[in-house]
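In what follows, chains carry the letters A, B, and so on, assigned in the order in which the sequence lines appear, proteins first and then strands, with residues in each chain numbered from 1.
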2 protein chains.
Amino acid sequence: MRNIKLTIEYDGKRYLGWQRLGDSDKTIQGKIEAIITQMTGEKIEIIGSGRTDAGTHARGQVANFKTNTTLSREEILDFMNRYLPQDIVVKKVEEMPERFHARYNCIGKQYSYYIWNNPIPSAFERHRSFHVPQELDIDKMNLACEKLLGKHDFMGFSALKKTKKSTVRTIEELSIQREGSLLHVTFVGDGFLHKMVRIITGTLVEIGAGKMEIDEIDAIFESKVRQHAGETVPAQGLFLDEVFYK
Amino acid sequence: MRNIKLTIEYDGKRYLGWQRLGDSDKTIQGKIEAIITQMTGEKIEIIGSGRTDAGTHARGQVANFKTNTTLSREEILDFMNRYLPQDIVVKKVEEMPERFHARYNCIGKQYSYYIWNNPIPSAFERHRSFHVPQELDIDKMNLACEKLLGKHDFMGFSALKKTKKSTVRTIEELSIQREGSLLHVTFVGDGFLHKMVRIITGTLVEIGAGKMEIDEIDAIFESKVRQHAGETVPAQGLFLDEVFYK
């Protein structure tokens, strides 16, 4: 059987997130599986690198599926982009060894979060950023980013309830660039817990707004109490940029 | 009476264009006038710098209106942005001399048109660009731009039927920059005829794709026959960036 890897871009606004819920086609996974079944005649389940929440976007989500289709990679790409809704786009189709697994083989991810930091809202950025009207101290936020770098137990920065699985993750890169009124927060790490990117961003915003101190980050690492961290910023500012494999 | 100047940004996707059609509130002008009436209690008509077509966007449309309200500029800005739909934003409120007229006093405009030039469509740019999958010769397009610069009768590059008014306009700047897969066409001129920016862009695309020759531009200047020019590219790629006054 062939093992096909897809690199997928989507505007998450209309969807309940990546993961199929029953037969709902209000999910990205559901939409893509329906098209592949239409294309191959096979009942196929695709494996994503991980879930994305309702409203979250992706520039480079990765998924794989097994198929007996004889269609070429180009034919698969063309068919899918012709029949998928316009807010889901297949950017790349690759032939992989049989053992490739989009979730198990993932060694890291890059996310971006965008903040529209201007007293005046934006008519154009509102679907892909979080509006913060008050001034933010970017230097202070970048100092906070340094504290979050490296290997930590991020339980307190996640929406997870008690879990037996490890909540230790390593953030290799975390920084904030200002591009005019748009703040671009970049996250690179070996993995991210549920809502971790949005809770860390919310914490950075509170630090930048002077509502939280940088040292409180250490306290959250110790207490692991999510309520001590910042608000979960909205999904529409979040983009899964890239999924890394060996 | 006070004369208030508004600088307005809007995502034109949901609207029938700038100009109010009867009492329709599917127009930008209609939406804004309704809010101003709500704010001031006065039945007000606003004067725009000019119309924008259905689906066209603006980063810096300008309009003015006369009012007796005692609200401060800040109060006007805050009220309007609180009650306008999120896809219309007032960026600036200014107090003008009584004789200021957004249309009569306009001495020029800048427009941008965006082309997504990649075989793969974009899930994010599709509402603010025109998708051209085939390769385009940007150098050739920029040579064509030079031919269009300056003072010409642009009748053949407009959607106008016979008219007694002058169709001579001056284009001071016309150039194309490539920003990754996005082509950004910039127009600056003393005025633009109906659909002129979209027809010129369509002509540039056909030249870039090798379907038209640069010299055909001269022929269109002479014949003034719109059918000899390129297709009208879709409204969603067009932005009114700025309106110039003395």
Any side-chain heavy atom of Gln86(B) within less than 4.5 Å of one from Pro121(A)? no

Look at atom CD of Gln177(A) and say whether more than 12 heavy atoms of other residues, nucleotides or ligands are closer to it than 6.0 Å. yes

Just wondering, more than 12 heavy atoms not from Glu179(A) lying within 6.0 Å of its CD? yes

Which label fits Phe124(A) and His57(B): parallel for a plane angle under 30°, tilted from 30 to 60°, or perpendicular past 60°? perpendicular

Quick check on Leu77(B) against chain A: is it the side chain, the backbone, both or neither that has a heavy atom closer than 4.5 Å? side chain

Can you tell me which portion of Asn81(B) sits under 4.5 Å from chain A's heavy atoms? Options are side chain, backbone, both or neither. side chain

Count the heavy atoms belonging to other residues, nucleotides or ligands that lie under 6.0 Å from CZ of Arg51(B), then report whether that count exceeds 12. no

Of Lys91(B), His127(B), Arg59(B), Arg128(B), the largest count of non-hydrogen pairs under 4.5 angstrom with chain A goes to Arg128(B)

Crowded around Glu135(A) CD? As in, over 12 foreign heavy atoms under 6.0 Å? no

Looking at every heavy atom in both Val90(A) and Ile120(B), which two are closest together, and how far apart are they? O-CG2, 3.8 Å

Verify the neighbour count for atom CD of Glu231(B): are there more than 12 heavy atoms of other residues, nucleotides or ligands below 6.0 Å? no

Would you say that Arg126(B) contacts Asp87(A) through its side chain, given a criterion of any heavy-atom pair below 4.5 Å between the two side chains? yes

Qualifying salt bridge (charged side-chain N to carboxylate O under 4.0 Å, His left out) pairs with a residue from residues 184-207 of chain A, counting only residues at least two apart or across chains: Asp53(A)-Arg198(A)

Output the option from Asp11(A), Asn118(A), Ile88(A) having the highest count of non-hydrogen pairs under 4.5 Å with chain B. Asp11(A)

